[in-house]
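Scroll down for the structure; my scribbles are underneath it.
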Amino acid sequence: MPTDSGVDRARLASLSHRERGVYADRHPRSAAAYASADHLFGRVPMTWMNKNAAGFPVYVGTARGARLTDIDGHEYVDFCLGDTGAMAGHSPAPVVAAVTHRLAELGGATTMLPTEDAAFVGAELARRFGLPYWSFALTATDANRWAVRLLRAVSGRPKILVNSYCYHGSVDESLIVVGPDGHGESREGNVGAPTDVTNTSRVAEFNDLAGLERELAHGDVAAVLMEPALTNIGIVLPEPGYLTGVRELTRRYGTYLINDETHTFSAGPGGATAAWGLEPDVLTIGKAIAGGIPIGAYGLSAALADALIGRADLDLVDMGGVGGTLAGNPVSMAAARATLTEVLTEEAFAGMIETAAAFADGVQKLIDDHQLPWSVAQLGARVEYRFANPAPRNGTESAATADAELEDFLHVYLANRGILLTPFHNMALMSPATTRADVDRHHEVFAAALAELT
Ligand SMILES: Cc1ncc(COP(=O)(O)O)c(C=O)c1O
C-alpha cells in the first residue's frame with residue numbers, strides 16, 4: 001500500500017466508503033442501466049468503461065460544450081472530455097452542422113470514394129504539423145499500426161522502440177516496459193500478445209538518452225514511436241535537450257521517428273511538434289481532430305512518402321496491410337474540416353491554454369496550502385496532478401507514484417459534486433467552451449476534498 005501520498009490511510013478509507021455510498025444513492029438510473037446490460041461483455045460497450053471508481057459508470061443523457069448531464073439528471077463540468085476525443089467540446093455547432101449537411105443533405109456516410117473535404121483536411125494538417133502527406137484511419141491506434149508497418153517495410157528493420165509505460169492504443173509492439181533488471185519485458189496484463197514482445201520491440205525510459213542510444217545501437221529499430229510528452233501515465237514533460245537528443249540519435253542510427261500527437265495536440269494548434277519545433281518523419285493523431293467523430297490520421301515526410309510510393313513490391317492499394325474500409329469516409333472528413341477551421345482554431349487554443357494555466361495555478365496553490373507532497377504538470381490545454389513531488393521524470397517513476405485508492409476517492413468525491421476527470425488518472429482537459437467559472441468550481445470542490453483528507 002502506498003504510504004507517501006501524504007494522507008492518512010484510515011481517514012481515506014472511511015471517506016472513500018462514504019463517497020461510494022453517496023454515489024450509489026445519487027445514481028439509481030445509472031445503476032439500473034448497468035445492472036440490466038446482461039448482453040454486454042463486462043456490462044459495458046467497451047470493457048475499459050469499467051474503469052471507474054464507484055462500481056458502475058454514470059450513463060450519459062446529454063452533452064454540450066464542457067457540460068454533460070447523466071440520466072439521473074445531474075449536471076457535470078466535464079474535464080475528461082472523452083479522454084481528448086471531445087477536446088473541441090461536446091457537439092460543437094460547426095461540427096454538428098457539417099455532419100448534418102453531409103449526412104442529411106448531401107448523403108453518403110461511407111462510399112469508398114474520396115470527398116473534396118479530405119484534401120482540405122490533409123492540407124490543413126500539413127500546414128499545422130509540417131508534414132506534407134496525409135492518410136486517414138478511424139482511430140489513433142490504427143494510425144499507429146499503419147505507420148509502424150510502413151516504417152518496418154521501408155527500413156527493412158524488424159523492431160519498434162517505445163518509452164516505458166507509454167500508451168499508443170492497443171498496438172502490440174508498444175506493450176513493453178523496462179523491467180527491474182533494466183531489460184525490456186511484457187507489460188503486465190497484456191492480452192493475447194502474438195509473440196514475446198521483445199521479438200518485436202525495444203524500450204527506453206522517457207528522458208533517458210543513454211538508454212535510447214544503447215537500444216538503437218543494435219541497428220534493428222525501424223522507428224521510435226513516442227509522445228513528445230508522456231500523457232498516459234500522468235503527464236511527464238521532456239527535460240531540456242531530450243527531444244533534440246532523440247532526433248539526433250534516431251538520425252545517427254538510421255531510425256525513423258514517429259511523434260504520436262493524439263494527446264499532446266493539447267500543446268497547441270500544431271501539437272507539441274509545432275510548439276516545440278520538432279521534426280518527426282511521421283506524425284500520428286486521432287481523437288480530437290474531428291470533434292468527436294471517429295478519425296485517425298498519419299502524416300509522412302516528403303522523403304518517406306517518395307520512398308514508399310516508389311516501392312513496387314509493397315501493396316499499398318489492396319491487401320497489403322494498410323486497410324480500413326471506412327477510413328477517410330465523408331462524415332469523418334466533413335467533421336475534421338469543421339473542427340480544424342472553426343473550433344480548434346489558434347484563438348481557441350490560446351483561450352484553452354490560459355484556462356488550463358488557471359487550473360494548474362489553483363491546484364498548485366491548494367497543494368501548497370495543505371503541504372501535500374504532490375505536483376502539477378501542464379501541457380497546453382491539459383493539466384494533471386500527481387501524488388509525488390518532485391514530478392516523475394519517466395514512465396516507471398510515474399507508475400510507481402500511483403495511489404489507486406486516493407485517486408478513486410478524488411474521482412468519486414468530484415463526481416458527487418458535479419466534476420468529471422478522466423477515469424484513468426487525474427487529468428483535466430480544457431475545451432474552447434470551458435470557462436474560468438468551471439475551473440473555480442473544480443477548485444472549490446477539490447479544496448473541500450483536501451480539507452476532509454488532511
Ligand atoms: C497517445 C495515444 N495514442 C493513441 C491512442 C489510441 O487512441 P484510440 O483509442 O482513439 O485508438 C491513445 C489513446 O488514449 C493515446 O493516448
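Counting starts at 1 for both ligands and their atoms, following the listed order. Throughout, residue positions are numbered sequentially from 1 according to the sequence presented.
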Can you list the atoms of ligand 1 that are under 4.0 Å from a heavy atom of His263? 14 (O), 16 (O)

How far is atom 7 (O) of ligand 1 from its nearest protein heavy atom, and which residue and atom name does that atom have? Ala140 CB, 3.4 Å

Which residue supplies the protein heavy atom nearest to atom 14 (O) of ligand 1, what is that atom called, and how far is it? Lys287 NZ, 2.7 Å

Region of Thr284 engaging ligand 1 - heavy atom pairs below 4.0 Å: neither

Do the side chains of Glu261 and Arg128 get close enough for a salt bridge, i.e. N-O under 4.0 angstrom? no

At a 4.0 Å threshold, what atoms of ligand 1 neighbour a non-hydrogen atom of Asn144? 3 (N), 4 (C)

Please evaluate residues Ile258 and Asp281 with respect to the criterion side chain to side chain contact (heavy atoms under 4.5 Å, CB included), reporting the C-alpha separation (whole Å), side-chain torsions for both, the decisive distance (0.1 Å), and the verdict. CA-CA 6 Å; Ile258 310 172; Asp281 302 294; over 6 Å; no

Heavy-atom contacts with His168 under 4.0 Å: which atoms of ligand 1 show up? List them by number with element. 3 (N), 4 (C), 5 (C)

Identify the protein heavy atom lying closest to atom 6 (C) of ligand 1, giving its residue, its atom name and the separation to 0.1 Å. Thr141 OG1, 3.4 Å

Ring center gap for Tyr298 and Phe136 short of 6.0 angstrom: no

Trace of the side chain to side chain contact (heavy atoms under 4.5 Å, CB included) decision for Met352 with Thr355: CA-CA 5 Å; Met352 290 151 69; Thr355 311; 5.6 Å; no

Is the Phe424-Tyr167 ring centre distance short of 6.0 angstrom? no

How close does the nearest protein non-hydrogen atom get to atom 16 (O) of ligand 1, and which residue and atom is it? Asn232 ND2, 2.8 Å

What atoms in ligand 1 come closer than 4.0 Å to a heavy atom of Glu227? 1 (C)

If we ignore angles and hydrogens, is there a donor and acceptor under 3.5 Å between the side chains of Thr62 and Thr69? yes

Report the nearest protein non-hydrogen atom to atom 5 (C) of ligand 1: residue, atom name, distance rounded to 0.1 Å. Gly169 N, 3.6 Å

Before we go on, tell me: are the rings of Tyr165 and Phe206 under 6.0 Å apart, centre to centre? no

Within ligand 1, which atoms have a heavy atom of Asp260 less than 4.0 Å away? 1 (C), 2 (C), 3 (N), 4 (C)

Please identify which of these residues, Lys159, Arg187, Arg152, meets the salt bridge (charged side-chain N to carboxylate O under 4.0 Å, His left out) condition with Glu173. Arg152

